[in-house]
Amino acid sequence: MNPVQELHNFLKKVIIDAIEACREEGLLNYQQLPDFVIEVPREKGHGDFACNIAMLLAREARMAPRKIAETIVNMINTVSYDQIEKIEVAGPGFINIFLNDSWLYDIPALVYKLGDIYGYNSRLGQRVQVEFVSANPTGNLHMGNARGGAIGDTLANILDRAGYDVQREFYINDAGNQIEIFTDSLETRYLQLNGYDLPFPENGYAGQDVVDTVKRIISRYGKQLLDMAPEQRRKTLLDYALEEKVDYIHKTLENFGVNYDVWFSEKTLHEAGKIDQVVNYLREKGYVYEEENALWFKSTLFGDEKDEVIMRANGLPTYFAADIAYHKDKFERGFDWVINVWGADHHGHVARMKGAIEALGYDPVKLDILLMQLVRLYRGGNIVRMSKRTGTTVSLDELIEEVGRDAARFFFVMRSPDSHLDFDLELAKQQNQENPVYYVQYAYARICSIFRQAEVAGVRMPGITEIDPSLLQEEEELALLRKVADFPEEISVAARAMAPQRIARYVLDLAGLFHSFYNHHRVLYQDQALQNARLMLMYITRITIKNSLDILGVNSPERM
RNA sequence: GUCCCCGUAGCUCAGCAGGACAGAGCAACGGCCUUCUAAGCCGUGGGUCGGGGGUUCGAAUCCCUCCGGGGACGCCA
């Protein structure tokens with residue numbers, strides 16, 4: 001529960017009580033109360049909150065909306081509420097509610113008390129898993145992985161603040177067809193570098209990173225692998241390369257501010273026979289059939305457009321089969337909510353994955369797949385093609401090096417996951433106003449500076465009980481207070497909608513209101529009581545900016 | 001052909017579990033630094049919310065259709 005929520009609930013109750021009283025007195029006729037809303041109007045003159053119940057009730061009550069609204073308002077006015085200043089009927093029948101500011105002046109004490117946990121909901125006792133990035137350990141992390149990392153991690157942070165027990169997981173695709181191709185590539189490079197004239201596999205990993213890896217293998221093992229049996233040679237090459245790649249992914253993401261709770265290896269599913277198990281289970285349930293020597297899952301039974309192969313004619317399971325086993329494992333671990341962050345190129349996979357979950361007897365509603373549209377990388381207006389194979393793209397570690405972690409994370413999360421993201425490296429590198437992260441960080445640094453100045457002047461902010469927040473009467477002060485008060489509600493909306501961009505938007509707005517306040521009013525060298533109240537306003541604004549930036553994984557610098 | 005995302009100001013995008021005159025940043029123009037950081041603030045101009053139809057008291061938001069851009073439709077992952 002948060003301040004804004006409490007107000008909402010209070011007002012909803014006030015209105016429902018009034019409507020019911022009207023019905024009892026025969027002033028209104030209706031069977032069931034429609035699902036009405038109490039919202040913050042765009043226009044300030046329309047009050048602090050507005051309610052649309054009268055329009056919704058009009059048909060059933062056989063009465064003009066304005067007439068209904070007036071009836072309700074008259075009933076509300078028979079009771080006097082401390083928080084409500086006045087209520088009006090406006091427009092087609094809106095009930096506009098004007099509050100006095102008393103509730104706002106409770107906000108500073110609340111934020112002051114909670115500090116770095118301001119915005120957090122109480123624990124819900126619900127476990128949610130967020131799986132994201134899960135890049136193939138066969139190449140460098142690209143821009144799609146970077147966006148997935150920023151979105152996934154921010155979403156996980158939001159869910160944590162919203163009261164969920166969150167687990168972050170990375171699924172390591174260290175088995176399957178791609179790994180075979182990867183091993184072919186390693187082996188070919190190894191032999192080539194040892195003087196063998198071999199053609200490189202047509203679909204192999206041609207990137208320079210593979211060559212570099214093999215060079216390191218050579219400096220460690222020399223020509224030893226030439227004498228090994230092919231199977232042993234391939235295993236040696238692959239084990240080394242996988243360890244190196246996973247380590248690289250781990251370190252790069254860590255450097256991006258992304259830390260996982262679980263690194264889940266696909267290989268362990270194969271080794272433990274989990275894939276055969278799940279295939280057998282589906283077979284027993286009659287959800288599979290054989291055709292052209294392959295085994296097909298009947299996705300169409302669950303609303304998919306076509307069936308999907310899970311066992312190839314060569315007897316090997318497909319990626320989908322492994323993924324079913326993986327998701328079975330997730331659900332067996334007892335999560336209440338499972339979220340996957342996937343690139344939009346996987347959208348065809350969504351319906352059958354949900355179908356498989358249902359086939360396994362779990363509730364597909366508990367699985368949410370957040371699809372994010374792909375990133376287009378530009379350099380000075382020219383598109384940079386992202387090819388993991390050729391290795392000619394910019395990798396995440398290079399991106400962090402070039403534009404910095406803060407700007408990169410903010411940029412990736414600012415846009416709705418539904419939108420294509422054009423990322424121009426030249427633009428991001430400029431570190432000017434085009435990068436909104438500086439706008440927010442600058443607000444934070446400015447507040448820190450005020451407190452430094454205060455210290456120099458020997459001014460100390462007293463405890464909350466010695467401060468009178470009601471001295472904050474200026475438009476800019478009230479706007480800032482309201483925005484700070486909104487924070488917990490903003491988090492819960494962002495969690496519900498799985499919309500990390502909302503937090504970026506929120507903190508931009510908050511910083512904007514601060515800058516506006518800063519340019520209109522002074523904090524220091526005021527009447528002492530006012531100075532104290534404004535110091536408190538700065539104090540809680542700073543906390544709220546910091547808590548927001550923490551969610552985004554962006555630093556809050558005290559000086560800029 | 002089927003499916004997914006997008007189409008809002010010159011540019012990049014918010015808003016979209018329907019709500020009252022459509023928002024921000026950048027760009028353009030004009031102001032604001034002898035007192036807390038001008039990476040800032042204030043103001044001005046700029047939009048048939050891709051087109052058409054429908055549902056509704058009310059549609060940028062929901063539904064249908066068409067157009068335009070991107071993506072997915074492998075016994076790849």
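Here A/R312 does not reach the OP1 or OP2 of B/G74: none of its side-chain N or O atoms lies under 4.0 Å away. At the phosphate of B/U35, neither OP1 nor OP2 sits under 4.0 Å from any side-chain N or O atom of A/Q453. Residue A/Y205 places none of its side-chain N or O atoms closer than 4.0 Å to OP1 or OP2 of B/C76. At least one side-chain nitrogen or oxygen of A/Y442 sits closer than 4.0 Å to the OP1 or OP2 atom of B/A39. At the phosphate of B/C6, neither OP1 nor OP2 sits under 4.0 Å from any side-chain N or O atom of A/S416. Contact between the side-chain N/O atoms of A/S516 and the OP1/OP2 oxygens of B/C42 is found at a separation under 4.0 Å.
Ring geometry for A/H349 versus A/Y319: interplanar angle of 30 to 60°, hence tilted. Using cut-offs of 30° and 60° for the angle between ring planes, the A/Y539 and A/F451 rings count as perpendicular. Between A/Y287 and A/F297, the two ring planes are perpendicular [angle over 60°; tilted spans 30° to 60°]. Ring pair A/F49/A/H8 is perpendicular by interplanar angle, where above 60° counts as perpendicular and below 30° as parallel.
With both ends at atom C1', the span from B/G46 to B/A27 equals 12 Å, rounded to whole Å. Comparing the same atom, C1', in B/G25 and in B/C41 gives a spacing of 15 Å after rounding to whole Å. Using atom P as the reference point in both B/A9 and B/A60, the two lie 15 Å apart (nearest Å). Of the C1' atoms belonging to B/A20 and B/G15, the separation is 16 Å, rounded to the nearest Å. Using atom P as the reference point in both B/C32 and B/G71, the two lie 50 Å apart (nearest Å). B/C13 sits 26 Å from B/G52 when the C1' atoms are compared, rounded to a whole Å. For the C1' atoms, the distance linking B/C11 with B/U35 amounts to 39 Å, nearest Å. With both ends at atom C1', the span from B/G18 to B/C76 equals 43 Å, rounded to whole Å.
Atom pair A/L377:CG and B/G70:C1' shows a separation of 16 Å (rounding to whole Å applied). Rounded to whole angstrom, the span from the CG atom of A/L508 across to the C1' atom of B/G15 amounts to 15 Å. In this structure, CE of A/M560 is placed 9 Å from P of B/G40, rounded to the nearest angstrom. Between A/I38 atom CD1 and B/A17 atom P the separation is 18 Å, expressed in whole Å. Per the geometry, CD belonging to A/E39 stands 13 Å off C1' belonging to B/G15, to the nearest Å. Atoms CG (A/D323) and P (B/C76) sit 15 Å apart, rounded to a whole Å. Between the P atom of B/G74 and the CD atom of A/E305 lies a distance of 11 Å, rounded to the nearest Å. The OH atom of A/Y518 sits 12 Å away from the P atom of B/C41 (whole-angstrom rounding).
Contact annotation for A/S449: base contact, defined as any heavy-atom pair under 4.0 Å involving a base atom. Using a 4.0 Å heavy-atom cutoff across all strands shown, A/R66 reaches no nucleic acid atom at all. Within the nucleic acid shown, A/H515 comes within 4.0 Å of sugar-phosphate atoms alone, with no base atom in reach, counting heavy atoms only. Within the 4.0 angstrom heavy-atom criterion, base atoms lie near A/N96. In this structure, A/A58 reaches neither bases nor backbone, as no heavy-atom distance under 4.0 Å exists between it and the strands shown. A/Q441 comes within 4.0 angstrom of nothing in the nucleic acid, heavy atoms only. Using a 4.0 Å heavy-atom distance criterion, A/R522 is classed as a base contact. As judged by a 4.0 angstrom heavy-atom cut-off over every strand, A/R559 is placed among the base-contacting residues. Residue-level contact check: A/A454 touches neither bases nor backbone, having no heavy atom under 4.0 Å from any strand. Contact annotation for A/E558: base contact, defined as any heavy-atom pair under 4.0 Å involving a base atom.
The residues A/R234 and A/D184 are annotated as salt-bridged, a charged nitrogen and a carboxylate oxygen being separated by less than 4.0 angstrom. Checked for salt-bridge contact, A/R376 and A/D422 meet the test: a charged N lies under 4.0 Å from a carboxylate O.
Neither side chain, A/N173 nor A/Q178, offers a donor N or O lying under 3.5 Å from an acceptor on the other. The closest side-chain donor-acceptor pair between A/D209 and A/Y248, if any, does not fall under 3.5 angstrom.
Side-chain atoms of A/D35 stay outside donor-acceptor range of the base of B/A17, with no qualifying N/O pair under 3.5 Å. At a cut-off of 3.5 angstrom, the base of B/C42 holds no donor-acceptor pair with the side chain of A/H520.
When distances run from any side-chain atom of A/R446 to the nucleotides B/U12, B/A20, B/A38, the shortest one goes to B/A38. Considering only side-chain atoms of A/Y319, the nucleotide from B/A20, B/C4, B/A77 that sits closest is B/A77. In the set B/A14, B/U37, B/G69, B/G69 carries the atom at the smallest distance from any side-chain atom of A/H420. Taking every side-chain heavy atom of A/N519 into account, B/C41 is the closest of B/C41, B/C36, B/A72. Relative to the side chain of A/I450, the nucleotides B/C6, B/C36, B/G71 differ in distance, and B/C36 lies closest.
Taking 4.5 Å as the limit, every side-chain heavy atom of A/L301 sits out of range of all side-chain heavy atoms of A/D307. Between A/V440 and A/L552 there is no side-chain heavy-atom pair separated by less than 4.5 Å. With contacts defined as side-chain heavy-atom distances shorter than 4.5 Å, the pair A/I545/A/I447 qualifies. Considering only heavy atoms from C-beta on, A/F132 stays 4.5 Å or farther from A/L155 through its side chain.
We find that the ring of A/H347 and the base of B/G71 do not stack by the test of centres under 5.5 angstrom and planes tilted less than 30°. Per the stacking criterion (ring centres < 5.5 Å, plane angle < 30°), A/F94 stacks onto the base of B/A20.
Glycosidic conformation of B/C6: anti, with the torsion beyond 90° of 0.
Contact record, A/V246 with A/P137: CG2-CB, 4.1 Å, taken as the closest heavy-atom pair.
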Between protein and nucleic acid, restricted to nucleotides 55-60 of chain B and to nitrogen or oxygen atoms under 3.5 Å apart, what atom pairs and distances do you find?
residue, atom, partner, partner atom, Å
B/C57, OP1, A/R59, NH2, 2.5

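Residues meeting the side chain to side chain contact (heavy atoms under 4.5 Å, CB included) test with A/D486, sequence neighbours left out: A/V4, A/Y506.
Comparing A/V493 and A/V523 against RNA chain B, the residue whose closest nucleotide sits nearer the 5' end is A/V493. Along RNA chain B, the nucleotide nearest A/A50 and the nucleotide nearest A/F517 are compared for position; the residue whose nucleotide lies closer to the 5' end is A/A50.
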Quick one: the dot-bracket string of RNA chain B, using Watson-Crick and G-U wobble pairs with both distances under 3.5 Å, [ ] for crossing pairs and | for bases paired to another strand. (((((((..((((.....[...)))).(((((.......))))).....(((((..]....))))))))))))....

